[in-house]
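As structure tokens, the structure follows; a few thoughts come after it.
Given the structure is predicted, the values throughout are model-derived calculations rather than measurements. Within every chain, numbering begins at 1; the chains are lettered A, B, ... in the order of the sequence lines, protein sequences first and strands thereafter.
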Protein chains: 2
Amino acid sequence: MRKLTIKDVAKHAGVSTATISRVLNGSGYVSEDVRRRVLASVKELNYRPNAIARSLKQEKSRSIGMILPDMSNPYFMTIARTIQQRLVAEGYRLLFMDSDENPDKEREALDALLSNRVEGLLLAGTGGNKEQLRQLIGSGIPVVLVDRCVPGVSADLVMEDNRGPVRQAMEYLVSAGHRHIGMIHGPKTISTALERYEAAVRALQEAGLQVGEEYVYSGDFSRKSGKQAIQKLMKLPVPPTAVFSANNEMTFGLYLGLQEMGIGLDEVEVVSFGDLDFSSLFKHRLSVIMQHPESIGDSAAGILLDKLLHQKSAMENRIIIPKFVQKNKLSL
Amino acid sequence: MRKLTIKDVAKHAGVSTATISRVLNGSGYVSEDVRRRVLASVKELNYRPNAIARSLKQEKSRSIGMILPDMSNPYFMTIARTIQQRLVAEGYRLLFMDSDENPDKEREALDALLSNRVEGLLLAGTGGNKEQLRQLIGSGIPVVLVDRCVPGVSADLVMEDNRGPVRQAMEYLVSAGHRHIGMIHGPKTISTALERYEAAVRALQEAGLQVGEEYVYSGDFSRKSGKQAIQKLMKLPVPPTAVFSANNEMTFGLYLGLQEMGIGLDEVEVVSFGDLDFSSLFKHRLSVIMQHPESIGDSAAGILLDKLLHQKSAMENRIIIPKFVQKNKLSL
DNA sequence: TTGTACGCGTTATCAT
DNA sequence: ATGATAACGCGTACAA
């Protein structure tokens with residue numbers, strides 16, 4: 001089966017290529033008679049327009065780039081899913097890449113997307129590649145930062161408030177009587193990690209609690225690092241009675257770690273930024289700062305589409321407020 | 001910032017466009033002197049070749065399509081992640097779409113991918129769109145079916161053996177003394193669901209057990225349907241003492257359902273096709289048929305790349321054998 | 001070693 | 001209402 005082009009269809013239908021194009025795009029006038037003949041030929045030959053040629057001619061790729069840090073984190077995948085659906089519904093295709101929290105990979109992804117002339121970019125960044133991002137934004141391509149801001153780069157932004165809920169969570173822990181609170185944080189190059197860290201430390205200080213350095217563990221948002229963290233914390237001379245974990249994956253790791261050490265999962269009071277959707281299945285003393293990935297995705301896609309479809313240019317910052325929920329109060 | 005083309009670079013470097021192209025693609029001879037000048041110009045202007053034009057000219061899109069049923073199922077996302085990494089490493093880009101187990105969406109995705117002239121396709125199908133798939137394969141585009149075959153469509157295939165492990169699992173349940181075994185299956189249009197179903201029923205029959213219709217629930221591979229299933233099963237006059245669930249998400253739902261009904265999670269012996277990676281955290285009597293999404297992804301990408309890069313044409317069927325593991329024996 | 005010019009499959013402009 | 005044709009940005013055969 002040879003490569004089928006618009007010319008073949010034109011020949012088959014006995015009209016010019018221009019007419020085929022007009023029928024397929026609904027542009028210009030075409031008599032009902034000819035239209036039917038063309039459509040018949042298209043169907044018979046099973047012709048499908050070449051999107052690449054169309055893109056070149058129109059100087060529009062109809063594609064959007066998205067770079068997320070972790071394709072195996074349900075939080076990001078929910079965002080991805082939401083965005084994907086909205087964009088496809090509007091006739092865009094999504095070029096979706098995974099940076100793996102690695103600025104180098106992120107940079108490569110960025111390069112690839114630019115070569116493909118994406119019309120817009122959605123990014124949950126690693127914190128690096130600031131210069132490229134600035135250039136990119138300067139060049140007029142709409143960029144929407146998702147979940148995380150990139151300090152020094154000003155762009156549209158959809159994220160969740162990190163500070164407020166963390167403060168609330170810490171106040172809860174203190175009021176519950178905890179005096180030794182462990183902290184498992186993410187890489188400080190990532191804005192969400194930094195904000196959660198700062199807010200946590202400040203809230204405790206204001207509550208009159210000193211946070212010993214040995215109670216703070218710097219993880220990398222991975223399950224594995226959460227596990228290592230809790231195992232280190234629980235071996236302290238005075239182990240923490242409560243722990244704050246800065247994301248869902250590390251919290252998961254935390255519980256796996258406790259389990260492995262033979263420590264009851266409900267012996268430690270835990271606050272997690274981000275949900276563990278299976279937590280009702282085991283005994284815990286878990287409170288969660290509930291995130292809203294669907295809202296994030298929806299807002300981000302909405303803002304991007306506004307710029308793409310309606311040339312909106314004002315910059316938007318949408319902050320979604322996560323809710324602090326004591327799951328143990330609900331489920332046990 | 002205007003749109004930058006190869007001509008601008010040529011002008012800036014004082015050479016012809018052909019030379020620029022040669023430098024950038026490492027094709028043909030270019031003097032070291034000129035090469036340096038060109039690269040300097042490229043960097044200075046921050047020029048990036050237009051992948052769309054390149055694709056058109058070369059009649060190669062350098063992109064691969066992938067359609068998976070569920071972007072929120074960790075099993076599929078692990079496959080996706082693996083494939084994505086391998087393909088990107090070889091210079092391909094991955095157009096990744098989500099069919100949501102819906103043949104209509106799958107069809108749209110297929111159309112979009114064909115319009116984009118993907119050079120290969122990876123598909124975990126819904127079971128529909130057979131005619132299109134046959135055409136597609138006939139047209140010479142390498143297609144690798146992933147995780148699921150599509151009956152009546154012959155193509156390369158990487159999947160896991162469904163029958164063997166299920167038989168093993170059923171024999172285990174029977175030998176453990178269970179006489180009332182519930183079954184939660186997926187849609188029979190999906191090959192994995194059908195195979196698991198048939199194998200389960202046959203194994204029980206051969207063990208001399210009649211499976212009452214009321215013990216069989218037809219789910220849709222979703223968490224929600226697993227929950228509904230168990231809630232129905234446990235309300236039977238004689239509730240099952242063991243349940244077989246045909247995928248990970250339904251097993252998750254199963255436990256959520258038990259939890260909601262106030263039934264101890266370890267009161268029912270469960271066999272799940274596909275792992276629950278958090279199961280060590282709660283009391284269970286769970287056995288798992290462990291799948292190997294990384295192997296699936298790796299093999300699938302490998303086969304596709306062989307065809308793409310080395311024109312291999314022989315058809316391959318790779319069957320991976322999942323291991324039956326009694327998790328309770330390990331973790332409790 | 002380098003430059004000229006054509007063509008990839010479309011869409012859009014200008015005739016008719 | 002329809003057709004001829006230029007142009008989108010690039011790679012490459014051919015010429016020099």
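- Each end of the helix from dT1(C)-dA16(D) to dT16(C)-dA1(D) gets its own rotation axis from five pairs of C1' atoms, and the angle between them is 40° to the nearest 10 degrees.
- Side chain of Asp156(B) to main chain of Met315(B): no donor-acceptor pair is present (N/O by atom type, distance under 3.5 Å, no hydrogens or angles).
- Of all the residues in residues 22-33 of chain B, Arg22(B), Tyr29(B), Val30(B), Ser31(B) reach under 4.0 Å from DNA chain C with at least one non-hydrogen atom.
- Counting non-hydrogen atoms of other residues, nucleotides and ligands closer than 6.0 Å to NZ of Lys130(B) gives a total above 12.
- The phosphate of dG3(D) has OP1 or OP2 within less than 4.0 Å of a side-chain N or O from Thr19(A).
- Across the protein-nucleic acid pair, Arg36(A) atom CZ and dA1(D) atom P stand 15 Å apart, rounded to whole Å.
- With hydrogens and angles ignored, the 3.5 Å screen pairs a side-chain donor or acceptor of Glu119(B) with a backbone N or O of Ser61(B).
- Checking the phosphate oxygens (OP1, OP2) of dT10(C), a side-chain nitrogen or oxygen of Tyr47(A) falls inside 4.0 Å.
- Between the side chains of Ser222(A) and Asp220(A), a donor-acceptor pair is found at a separation under 3.5 Å.
- As rounded to whole Å, 13 Å separates atom C1' of dG9(C) from atom CD1 of Ile20(A).
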Please write out the pairs of protein N or O atoms and N or O atoms of nucleotides 6-8 of chain D separated by less than 3.5 Å, giving the distance to one decimal.
residue	atom	partner	partner atom	Å
dA7(D)	N3	Lys57(A)	NZ	3.2
dC8(D)	O2	Lys57(A)	N	3.3

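- Summarising the geometry, the separation between CD1 on Ile6(A) and P on dT10(C) is reported as 5 Å, rounded to the nearest angstrom.
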(Q) Please determine whether side chain to side chain contact (heavy atoms under 4.5 Å, CB included) holds for the pair Leu4(A) and Leu45(A), giving the CA-CA distance in whole Å, both sets of side-chain angles, and the decisive distance to 0.1 Å. (A) CA-CA 8 Å; Leu4(A) 216 51; Leu45(A) 299 178; 3.8 Å; yes
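- Out of dT11(C), dA4(D), dG9(C), the shortest distance to the side chain of Asn50(A) is found at dG9(C).
- Between Arg148(A) and Glu101(A) there is a salt bridge, with a side-chain nitrogen of the basic residue lying less than 4.0 Å from a carboxylate oxygen of the acidic one.
- Across the protein-nucleic acid pair, Lys11(A) atom NZ and dG3(D) atom P stand 14 Å apart, rounded to whole Å.
- A donor-acceptor contact closer than 3.5 angstrom links the side chains of Asp70(A) and Ser72(A).
- For the residue pair Glu106(B) and Thr126(B), a side-chain donor N or O sits within less than 3.5 Å of a side-chain acceptor on the partner.
- Rounded to an integer number of Å, the gap from Arg48(B) CZ to dC10(D) P is 12 Å.
- In this structure, Thr17(A) and Arg35(A) both approach DNA chain D, and ranking their closest nucleotides by distance from the 5' end singles out Arg35(A).
- Rounded to the nearest 0.5 angstrom, Arg37(A) CZ and Glu32(A) CD are separated by 12.0 Å.
- Residue Asp98(A) comes nearest to Gln84(B) through the heavy atom pair N-NE2, 3.5 Å, listed as atom of the first residue, atom of the second, then distance.
- What separates CD1 of Ile52(A) from P of dT11(C) is a distance of 13 Å, to the nearest Å.
- We find that Asp100(B) and Arg81(A) are joined by a salt bridge, their nearest charged nitrogen and carboxylate oxygen being less than 4.0 Å apart.
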